[in-house]
Amino acid sequence: EERSSLHAAVGRTLADAGDVDGAIAAFEQAIAASADRERTTTVRWYEPKARLAVTIGMLHERAGRDSAARDAYARALVEDLSYAEAHTRL
């Protein structure tokens, strides 16, 4: 959880600084770290990756990459089909 949170914090900082591609990469690393943690340890609480995928989609939208944004929202729905914001943005 620590690595995932750290990558997400870096992503938020980069997004605030206007580095969209750097932010996307950091959020992708956060998702990968979370998935790796779920595969290798007993998870006491679920860390939602759908929220991170929606954030990636929003960043793609900001950069004018609509197709990549749709892919990210679809990815969020694969993670959590009930995630309303992904439905709304898709």
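Computed from a predicted model, the values in this text were never measured in an experiment.
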Fill in: From Glu85 atom CD to Arg51 atom CZ, the distance as rounded to the nearest 0.5 Å
10.5 Å
Worksheet item: Under 3.5 Å, is there a donor-acceptor pair between the side chain of Ser34 and the main chain of Ala30?
Response: no
Item to complete: Measure the CD1-CG distance between Ile24 and Asp19 for me, rounded to the nearest 0.5 Å.
Response: 9.5 Å
Item to complete: Please step through side-chain contact (heavy atoms from CB on, under 4.5 Å) for the pair Gln29 and Val10, ending with a clear verdict.
Response: CA-CA 10 Å; Gln29 289 175 323; Val10 168; over 6 Å; no
Worksheet item: Any Lys/Arg nitrogen of Asp21 or Arg65 sitting under 4.0 Å from an Asp/Glu carboxylate oxygen of the other?
Response: yes
Practice prompt. Please report the closest heavy-atom contact between Ala23 and Gly11, naming both atoms and the distance.
Written response: CB-O, 3.4 Å
Discussion item. Please find the pair of heavy atoms, one from Ala50 and one from Asp80, that lie closest to each other, and give the distance.
Written reply: CB-CB, 3.9 Å
Discussion item. Go through it in stages, so that I can follow the logic: the residues are Tyr73 and His60, the test is side-chain contact (heavy atoms from CB on, under 4.5 Å), and I'd like the CA-CA distance, side-chain angles, deciding distance and then a yes or no.
Written reply: CA-CA 10 Å; Tyr73 299 140; His60 279 301; over 6 Å; no
Discussion item. Using only atom types and a distance under 3.5 Å, with no angle test, would you say the side chain of Arg37 pairs donor to acceptor with the backbone of Ser4?
Written reply: no
Practice prompt. List the atom of Gly57, the atom of Ala69, and the distance in Å for their closest heavy-atom pair.
Written response: O-CB, 3.3 Å
Discussion item. Would Arg89 and Met58 count as a side-chain contact (heavy atoms from CB on, under 4.5 Å) here? Give the steps.
Written reply: CA-CA 9 Å; Arg89 292 186 170 276; Met58 293 167 60; 3.6 Å; yes
Fill in: Close side-chain approach of Arg3 to Asp36, heavy-atom, < 4.5 Å
yes
Discussion item. So if I apply the side-chain contact (heavy atoms from CB on, under 4.5 Å) rule between Tyr83 and each of Val78, Val54, Thr88, which one comes out positive?
Written reply: Val54
Worksheet, complete the sentence: Between Ala86 and Ala76 the two heavy atoms that sit nearest each other are CB-CB, 3.9 Å
Practice prompt. Supply the atom-to-atom distance Leu52 CG to Arg75 CZ, rounded to the nearest 0.5 angstrom.
Written response: 9.0 Å
Practice prompt. Measure across Ala15 and Leu59 and return the closest heavy-atom pair with its distance rounded to 0.1 Å.
Written response: CB-CD2, 3.9 Å
